[in-house]
Amino acid sequence: MQKQTEWKWKIQSETRWFRWNLSEIWQYKDLLNRFVRRDIIANYQQTVLGPFWIFLQPILTTLVYWLIFSRIAKISTNNIPPLLFYLPGIIIWSYFSDCLNTTMYTFLQNSALFGKVYFPRLIVPLSNVLSQTIRLLVQLLLFLVLYFYYYFGTDLVHPNLYILLMPLLLCLTAAFSLGSGLIISVLTAKYRDLDYAIQFILRLFMFATPVVYPTSLVPQKYQFIFWLNPLTAVIESFRAAFFSATVVRTSYLLLSVFSVIALLTIGLTLFKRREQSIMDII
Amino acid sequence: MSNIMIRAENISKVYQLGKLGSGRFREDFRYWLQRKAKADTNSTLADQNILWALKDVSFEVTQGEVLGLIGNNGAGKSTLLKIISRITSPTSGIVMGNGRVASLLEVGTGFHGELTGRENIFLNGSILGMKKKEIDEHFEEIVDFSGVEKFIDTPVKRYSSGMYTRLAFAVAAHMDPEILIVDEVLAVGDAEFQRKCLSKMKEVSTKEGKTVLFVSHNMQALKNLCNRAITLHEGRIVDMGEPEKVIGNYLKKEKQLTTTLHFPDIESAPGNESIRIMSVELAPALLPGQAVPDIRTPLTISFAFWHTDQSRGSLIVGIHLFSISGEFIFDICSNGDLSATGLVEGSCTIPGNFLNDGAYYISIVFVKDTTKRLFYYESCLSFDLEDYRANTAWYGKWKGSVRPDFPVVLNVKDATNS
């Protein structure tokens, strides 16, 4: 029997903590690309309005919120035109919740695929986040159209240098939803009840996020708790950038960045650690 | 000596049994506490309701070898392939290998109905681990091979199932791995597809020198394609070596079908007040060195019963042969004039080179006075005929219920070149 010491690959039971193997993701970048394509093409097949749904959802939601929260409930929007005030919050919130909702079902919805062929499992949540990001960018164009209308037509909105933070803010949202989604995906694969709990919490969480109100309405003593939510920092910084109506404290922003990095680290570690053993219990 | 492509050392795989319910979390928590308490995990595992899907499996595969895995359902074949394909991890042990692995545990994995054939070729290819460049290079060949070029821009949900399978297999057939893992793909699709599948595998292993791991229940295909075979039984390797020998041993052991039934006690014997069965038996006339009956083997059915029916008329005994899927193959009956009561013996021989390969069962019917059914002894015997083919390159399923041995005769009437 010939002895060989050089092996190209090894399969063993234990997966070491902190072995993310991100270079493997790069090798599978074609697959990532294909999954994104598939999501975008397949999503609007056989619909009458097709990709227009990407615009229609935020527009309709904004109109409803404007009617309920601004006209009826008369919640302040810090003198920002209400439509313009709600739209970014709605776009960012739905980006977050769509990313989370697809990421958290990574194992449950792909069990047939995962049971038949190997590829880095992380490709699936990454492709979900990427295709959601494309949707987000398209929706932001809608916001810009509305914004320019008010910018040139009225004297109510002024941009400032916070705009440079935009890429960071979007990355922060993506990382927040990915990190928490990965953790939840591992847990829901085993304990399905969590699924119901998460959906419920997610609905309540929207009201803990300043989508339909400005954070300035929150009493001073609760402010800190509100700012623990990374989405508060994202949405408020976004408004600060385009409307110059509020100021975001740098410490709060940094807090969000660090907590999101921590969450993403935990999520990635847990996911990589459990991705193979989960296949035995689904 | 050729290179070792895969080496598996003592791989074991444990599955936890039991229902997944509300007690799950508490159970896990208790298990976790136990594990923290004592470092020895083996003793806690033993308490649980567990199943060893694989136990201490070790083997090596060298380059260019085609290794067949045999075993009945639940023997651990698929678990082993899943471990080598990195779909699930072993509980203990290690698998090491050299070279790019492609697993074909299913054809058309990840196909999306809403996408066109073209998009699906790229999607499926990427899922199987091909780079975009490779797919681009092989695209024309894949489309040619699949024979669906007319529909390449139609969503695959509009495809017939045959077109779908052909396209899926075409993608898989153009992968370029060094190690190919194939699980039961031959079980799907029509004969034509299976033939294509098998000849492609033969080509891959012989011409291109690729290493193949192959699970199938098609013994004929295994015999013809493999250089070596392994039998798994309840998660352990029980036999390894020459395919011919290993398959023979396996069939002899596993296919224990009902071939004899004896009822010494008349009270508990099947039957009624008219007929009591004493014995039924099926004896194959095996050739020297043959382990199991194949299509060449004559089979003799013999039976004995008590005939106690006093009514007028003669008794007729009929033998009904069915394929395992329930198709009625034939109905033959005794002739002559039997009216005496008492112990009766009978026999019937199904000649060799008459039935096709497959599984069959026999029922015996007892009829009085041409129409009055006394007793129907349903599916009392069953047997399996293995395939036998000499000098052929065709391993697909031979169609039809019977395969009688009379040839189609050809005569050259007018030779064009002499």
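Note: hydrogens, waters and symmetry copies are ignored here, and every other heavy atom, side chains too, is used.
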### Message
At a 4.5 Å cut-off on heavy atoms, which part of T109(B) comes close to chain A: side chain, backbone, both, or neither?
### Response
both

### Query
Hey, which residues of residues 114-125 of chain B are touching chain A, say heavy atoms under 4.5 Å apart?
E114(B), L115(B), E119(B), F122(B), L123(B)

### Query
Can you name the residues of residues 114-121 of chain A that have some heavy atom under 4.5 Å away from a heavy atom in chain B?
F114(A), G115(A), K116(A), V117(A), Y118(A), F119(A), R121(A)

### Query
So do the side chains of W7(A) and V95(B) get within less than 4.5 Å of each other, counting heavy atoms only?
no

### Task
Would you please go through residues 29-39 of chain A and name the residues with a non-hydrogen atom below 4.5 Å from one of chain B, in numerical order?
D30(A), L31(A), R34(A), F35(A), R37(A), R38(A)

### Task
If a pair satisfies salt bridge (charged side-chain N to carboxylate O under 4.0 Å, His left out) and one of its residues is in residues 80-98 of chain B, list it, with sequence neighbours excluded.
E24(A)-R86(B)

### Message
Surrounding CD of E242(B) (heavy atoms of other residues, nucleotides or ligands, distance under 6.0 Å), is the total greater than 12?
### Response
no

### Message
Please give me the minimum heavy-atom distance between S89(B) and Q12(A), naming the atom from each residue.
### Response
CB-O, 3.9 Å

### Query
Mind checking whether K13(B) and D280(A) have side chains closer than 4.5 Å, heavy atoms only?
yes

### Query
When rounded to the nearest 0.5 angstrom, what distance separates CE in M279(A) from CD1 in I87(B)?
7.5 Å

### Task
Tell me, yes or no, whether the heavy-atom count around W9(A) atom CH2, taken from other residues, nucleotides or ligands under 6.0 Å, exceeds 12.
yes

